[in-house]
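Below: the structure, in structure tokens.
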Amino acid sequence: MRPNKSLLRKSHFLGTKIRNLRKRNNLTIEDLSARCVRIDPEYAPSVSYLSMIERGKRVPSIDMLEVVAGVFQKSAEWFLDDEPDHQDITPDKGSRGGIKGMPLEPSFLFSSDILQIAIPEMLSQTGISGRQFAHLLIRAHQENNQNHFPDLERAAEEVGLKRMPLSIDELIAITKQLGLMIKWFDKPPAEAVDELGMHSKNVITSYFEPANKLFLNRILKKFPNRLKYELAVHIGHAVLHNTDGLKSVMSVGGHQLNTQEQINHVSSSTVDPQDILHAWRDFESSFFAGALLCPKVPFRQLLDRHGYEISSHKIAEVSASVAMRRMTAVSPYAHWHYFDAYAPGKLKAVYRGNGIPLPWGNMRSVVDPCQHWAVFRMINAPTNGASSAQLSIMNVGNEPRIYCCESVNVKDLAGNNHVLCAGIDLNPAIEAQGKDALSIAHDLKQLCVSKGGSSTPSKAIKNDLMSVAKILNINWVERGIESDAKLICSRGNVCPRDPSCYDQNN
């Protein structure tokens, strides 16, 4: 059953295609082997041999490949490199969205053992800290799970008993029940500079000192919603990690302040193996805090009553940031995104449950971002608490998609202006109503192109979108539809406007 040389040269994605087809058809590897036996017992692969084929360690003979192809009603040639359909070699994550996977062949090079050896060396050579890499891993995991973590939700509900709003006194009472002792300290905002030379005001807001001392900055007393969040995070650490998870201070501002321990570590050429563990525990505690302050069912009911208005955060007595991030977790609609951006163009927090590209192509500041994203346009707007809804069209994977978002310009307790933005991908909602989302998005894109980059939607498009907005019960989607739609792009992609913004050096 030895494969011939031509098959060997064309089999790089064969195992991936077989594995993805098997999973898409909900077959176990035993199921597939058994079906092959029914077709041709002589050339059917065993379970162990089939496993090696999927992992790229073996290449089947032509006769064996034809048996496998027969199970899936495909030609044997379809499995070879001559037919590199991207969808067939990309891991299928169902309807989850988020960051897309990519084929990695031969797959045995990406085993746990090999990755654990290679990743520290990669980080050392590229200058990426272990904590930065951990944040990327966590974001990918968060987006793959569409921000749904039922175990953390349950843990928060057991502590808060689904009460909303929780008062500061109630949160302090919980900290005392957990054996934490609160101490206050004074620390004014300080100037901070990131690796790109960007300046901002930062302030250390709280930190934990073993075994049970919780230190809170007295400045938090002027910002009750932030104080509640800080208390909720530390409650999360106590509940989830027995108070041993917090290894860095909490701070507010455009750039994170580092403890001396972190500064020494960043300058090191090695990666601390606990970086990922500590970053994950910080994420868990932050998610727990949102679930404690905005329990899923009561908060969803509140959002439903008020049409997902950002101002609902005032009723829940939490910050706009907490409320907007919780929207992505409690909404029955799955395709959300969230950005927190500081001037002149620094993304501090990102959630892309629908896989929307980043406004600036990466998490660092760039000199020429697409100026038509709502989050970018509002960075330098006056801080007045007002929000703006925007309907946008962007090519993603060569297909036009329609987005709508609501942004609000706020100021953190260190005095920095920043923009919070929550939005949704409308294409899945359009498809759910039996409409052709790609056709509608293409028509809207062409209309915007003909008008120089932005245009009022046609009556037919507006009617289609408005019916979707009514079903979603999101008021700012309706407001976005009533305003001009704008063409946007992720930096590095082809500008959809004619003439291009980049050609004009704007």
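In this chain, residues are counted from 1 in sequence order. Just so it is clear, the structure is predicted and the values come from calculations on it, not from any experiment.
Within the 4.5 Å cutoff, the side chain of Glu153 has no heavy atoms near those of the His148 side chain. Residues Met250 and Ile204 are not in side-chain contact: their nearest non-hydrogen atoms beyond the backbone lie 4.5 Å or more apart. Counting heavy atoms from C-beta on, the side chains of Met327 and Trp336 come closer than 4.5 Å. Residues Arg352 and Tyr338 have side chains not in contact (no heavy-atom distance under 4.5 Å, counting atoms from C-beta outward). The side-chain heavy atoms of Leu303 and Ser331, taken from C-beta on, include no pair separated by under 4.5 Å. Under the 4.5 Å side-chain criterion, counting only non-hydrogen atoms from C-beta, Ile235 is in contact with Leu292. Taking 4.5 Å as the limit, some side-chain heavy atom of Ser286 sits within range of a side-chain heavy atom of Arg325.
Between the side chains of His306 and Ser312, no donor-acceptor pair is found at a separation under 3.5 Å. Under the 3.5 Å distance criterion, with hydrogens and angles disregarded, no donor-acceptor pair is assigned to the side chains of Ser392 and Trp373. Checking Glu170 against Ser167 by side-chain atom types alone, a donor-acceptor pair falls below 3.5 Å. Between the side chains of His278 and Asp282, not a single donor N or O lies within less than 3.5 Å of an accepting N or O. In summary, the side chains of His241 and Glu284 do present a donor paired with an acceptor at a separation below 3.5 Å, with no hydrogens or angles considered. Judged by distance alone, the side chains of Arg55 and Ser51 do bring a donor and an acceptor atom under 3.5 Å apart. For Asp412 and Tyr342, the side-chain atoms include at least one donor-acceptor pair closer than 3.5 Å. Using modelled atom types and a 3.5 Å distance limit, the side chains of Asn217 and Thr205 yield no donor-acceptor pair. Under the 3.5 Å distance criterion, with hydrogens and angles disregarded, no donor-acceptor pair is assigned to the side chains of His337 and Asp425.
Note that CD1 of Ile172 and CG of Leu231 are 6.0 Å apart. Values are rounded to the nearest 0.5 Å. In this structure, NZ on Lys183 lies 14.0 Å from CZ on Phe185, to the nearest 0.5 angstrom.
For the side-chain hydrogen bond (donor to acceptor under 3.5 Å, both in side chains) test with Glu54, the passing option among Arg22, Arg19, Lys23 is Arg22; the others fail.
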Apply side-chain contact (heavy atoms from CB on, under 4.5 Å) to Ile474 and Trp476, showing your working.
-> CA-CA 6 Å; Ile474 302 176; Trp476 42 264; 3.3 Å; yes
Could you please spell out the steps behind the side-chain contact (heavy atoms from CB on, under 4.5 Å) verdict for Leu214 and Glu209?
-> CA-CA 6 Å; Leu214 171 56; Glu209 186 177 287; over 6 Å; no
Intermediate values then yes/no, side-chain contact (heavy atoms from CB on, under 4.5 Å), Ile182 and Lys176 = CA-CA 8 Å; Ile182 293 178; Lys176 291 181 178 179; 5.7 Å; no
Go through Arg163 and Glu317 one step at a time and tell me if the salt bridge (charged side-chain N to carboxylate O under 4.0 Å, His left out) criterion holds.
-> CA-CA 12 Å; Arg163 292 172 291 175; Glu317 297 182 14; over 6 Å; no
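Among all heavy-atom pairs drawn from Glu406 and Ala389, the shortest one is OE1-N, 3.0 Å. In this structure, Val477 and Ala469 approach most closely via the heavy-atom pair CG1-CB, 3.5 Å. Of all non-hydrogen atoms in Met164 and Cys294, the two that sit nearest each other are SD-CA, 4.1 Å. The two residues Met122 and Phe133 make their nearest non-hydrogen contact at CE-CE1, 4.3 Å. Annotation for Val322 and Gly290: closest pair CG1-CA, 4.3 Å, computed over non-hydrogen atoms. Among all heavy-atom pairs drawn from Leu426 and Leu391, the shortest one is CD1-CD1, 3.8 Å.
For Arg58 (side chain) and Ile53 (main-chain N/O), no donor-acceptor pair under 3.5 Å exists by modelled atom type. At least one donor-acceptor pair closer than 3.5 Å links the side chain of Asn416 to the backbone N or O of Lys201.
Under the 6.0 Å cut-off for aromatic ring centres, His234 and Tyr229 do not qualify, their centroids lying 6.0 Å or more apart. Ring centers of Tyr351 and Phe339: at least 6.0 Å apart, outside the cut-off. Side-chain rings of Phe288 and Phe283 stay apart, their centers remaining 6.0 Å or farther from each other. Between His335 and Tyr333, the ring centre distance stays below 6.0 Å.
Ionic pairing of Arg154 and Glu158 is not present here: no N-O contact between side-chain nitrogen and carboxylate oxygen is shorter than 4.0 angstrom. Asp340 has no carboxylate O lying under 4.0 Å from a charged side-chain N of Lys348, or vice versa, which leaves the two without a salt bridge.
More than 12 heavy atoms of other residues, nucleotides or ligands sit less than 6.0 Å from atom NZ of Lys221. By the neighbour-count criterion of 12 heavy atoms within 6.0 Å, atom CE of Met181 is sparsely surrounded, having that number or fewer from other residues, nucleotides or ligands.
Using a 30° and 60° split on the angle between ring planes, Phe149 and Phe287 fall in the perpendicular class, above 60°.
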